[in-house]
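Read through the structure below, which is laid out as structure tokens, and then see the notes.
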Amino acid sequence: MDTEADLFYRQIPKVELHAHLNGSVSFATMDKLIARKPQLNIESSRTAIHSGQHRTLSECFQVFKVIHQLVDSEEDILMVAKSVIEEFAADGVKYLELRSTPREETKTGLSKRRYIETVLEAIHQCKQEDVDIDVRFLVAVDRRNGPEVAMETVKLAEDFMSSSDGVVVGLDLSGDPTVGHGKDLLPALQRARNCGLKLALHMSEIPSQKEESELLLDLPPDRIGHGTFLHPGAGGSDSLVDKVCKLNIPLELCLTSNVKGQTVPSYDKHHFQYWYELQHPCVLCTDDKGVFCTDLSQEYHLAASTFGLTQDAVWSLSQQAIQCSFAPEAVKQKLEQRWAELRPHVL
Ligand code: 6MZ
């Protein structure tokens, strides 16, 4: 990639809406974690998928298991969350919605409540240290853990929504899409929606989720993660696309993640093109910048070079992402103002 163009993508302000905390850990932080836990004997090659490497989606989920072994205490979570936030800020991200699955670790005495408190503490510390980024948090439900845990997680998220000064804004549904069925999670998701949590749901990440996507769209979600197999060309349907379009539900699209995880055969076949041509709101995101060895500037650059987007079009993409965020109106207005101030003269 040529450096001058690269600079443009780095310099423009960006919004990141789909980033899993433990998937976003950089090499530098991973090295520190590995050094802290030599007894685990984990090599850094097991925690990331490097350029040119591909893994099946289920192999990607094995990588998260390794990372979870390395991040299992309050101290680890604080370090990981702070460095992830600082790295996004260094990449020009001005507004970040981070998501993570609260975990309980008996070995270190970590509870799910403490897990969330620690992430919020990291966000707070970054703010105190004037890191130039507004960070919000989505509590994640891992579909593998079933309906009871999902409901427990929603209740926890509800508590934090009212006590976190607006930092906890929503709920994510993620985890291995081959495990479990969304229909069992509907009561929990419905409850989250009714109490005012915004819903960012992974949907149609694999082909067999058509029926599940129909059900989830009836909630409806406020944003869709991936949506790789929603459209007819990928085995989805016109009725799914119609619903998404009528409800104007933004899509969070993660090019490198989908190509490396092999749910999309190559960058030029990415469903970004389909939705972008429909002029549907699409937000470029990283998903797991650590695991997939990318960052948001690189994702913008890849989208531009693959689909022939002008710098103007890229700018519009970054600006439109503001309205797709779960930030309160006043914050969106401030971000719009910032974008106006930071708009490069060349555009
Ligand atoms: C679905 C994913 C994912 O929550 O421990 N996660 N879920 N599809 C994906 N596509 C590649 N990437 C990450 O971060 C790691 C967790 O995020 C979800 C999985 O549940 C994974 O265990 P946290 O911070």
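Order of listing sets the numbers, starting from 1, for every ligand and every atom in it. These values consider heavy atoms only, across backbone and side chains, with no hydrogens, waters or symmetry-generated copies. Just so you know, these numbers come straight off a predicted model, no measurement behind them.
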task = Looking only at non-hydrogen atoms, find the nearest pair between L296 and V15 and report the distance.
result = CD2-O, 3.5 Å
key: For R144, the ligand 1 atoms whose distance to one of its heavy atoms is below 4.0 Å   = 19 (C), 20 (O), 22 (O)
task = Could you tell me whether D142 approaches ligand 1 through its side chain, its backbone, both or neither, with non-hydrogen atoms closer than 4.0 Å?
result = side chain
message = If you take the centroid of each ring, where Trp contributes its six-membered ring, are H280 and H231 closer together than 6.0 Å?
response = no
inquiry  = When you compare ligand 1 with D176, is there at least one nitrogen or oxygen pair between them that comes in under 3.5 angstrom?
reply    = no
query = With only distance considered, is R103 within less than 3.5 Å of ligand 1 through an N or O on each side?
reply = no
task = Check ligand 1 against S100 and write out every atom of the ligand that is under 4.0 Å from a heavy-atom position of the residue.
result = 4 (O), 23 (P), 24 (O)
query = Between H202 and ligand 1, which residue portion shows a heavy-atom distance shorter than 4.0 Å: side chain, backbone, both, or neither?
reply = side chain
query = Is a salt bridge present between K94 and D132, judged by a nitrogen-to-oxygen distance below 4.0 Å?
reply = yes
task = Provide the number and element of each atom of ligand 1 under 4.0 Å from a heavy atom of T101.
result = 4 (O), 23 (P)
task = Answer side chain, backbone, both or neither: which part of A140 comes under 4.0 Å from ligand 1, heavy atoms only.
result = neither
request  = Distance to 0.1 Å, residue and atom name: give those for the protein heavy atom nearest to atom 10 (N) of ligand 1.
outcome  = E205 OE2, 2.9 Å
inquiry  = Closer than 4.0 angstrom, basic N to acidic O: yes or no for R343 and D312?
reply    = yes
ask   = Would you call R223 and E97 a salt bridge, using N to O less than 4.0 angstrom?
value = yes
ask   = Among all protein non-hydrogen atoms, which one is nearest to atom 5 (O) of ligand 1, and what is the separation to 0.1 Å?
value = H68 NE2, 2.7 Å
inquiry  = Could you tell me, atom by atom, which parts of ligand 1 come under 4.0 Å of a heavy atom of H20?
reply    = 2 (C), 3 (C), 6 (N), 12 (N), 13 (C), 14 (O), 17 (O), 18 (C)
ask   = Under 4.0 Å between a Lys/Arg side-chain N and an Asp/Glu carboxylate O for R113 and D159?
value = yes
task = Spell out, as yes or no, whether a donor-acceptor pair under 3.5 Å connects the side chain of T118 to the backbone of E74.
result = no
key: Side-chain ion pair, E299 and K289, N-O less than 4.0 Å   = no
query = Can an N or O of G175 be found at a distance shorter than 3.5 Å from an N or O of ligand 1?
reply = yes
task = Name the closest protein heavy atom to atom 11 (C) of ligand 1, giving the residue it belongs to and the distance to 0.1 Å.
result = D287 OD2, 3.5 Å
request  = Compute the minimum heavy-atom distance from R143 to ligand 1 and say whether it is under 4.0 Å.
outcome  = no
message = Any non-hydrogen side-chain atom of P177 less than 4.5 Å from a side-chain atom of Q209?
response = yes
request  = May I ask you to list the atoms of ligand 1 that are less than 4.0 angstrom from any heavy atom of L21?
outcome  = 24 (O)
request  = Determine whether the side chain, the backbone, both or neither of N22 has a heavy atom under 4.0 Å from any heavy atom of ligand 1.
outcome  = both
task = Output yes when D222 and R193 qualify as a salt bridge under the 4.0 Å nitrogen-oxygen rule, no when they do not.
result = yes
task = List the closest protein heavy-atom neighbour of atom 12 (N) of ligand 1: residue, atom name, distance to the nearest 0.1 Å.
result = D288 OD2, 2.8 Å
query = Parallel, tilted or perpendicular for Y276 and F272, by the 30°/60° rule?
reply = parallel
request  = Find all atoms of ligand 1 within a distance of less than 4.0 Å from any non-hydrogen atom belonging to F64, and give their numbers and elements.
outcome  = 12 (N), 13 (C), 15 (C), 21 (C), 22 (O)
task = For ligand 1, indicate whether the residue V291 contacts it via side chain, backbone, both or neither (heavy-atom separation under 4.0 Å).
result = neither
message = Show the atoms of ligand 1 that are less than 4.0 angstrom away from any heavy atom in F61.
response = 1 (C), 2 (C), 7 (N), 8 (N), 9 (C), 19 (C)
key: Note: K82-E129 ion pair, threshold 4.0 Å (strictly below)   = yes
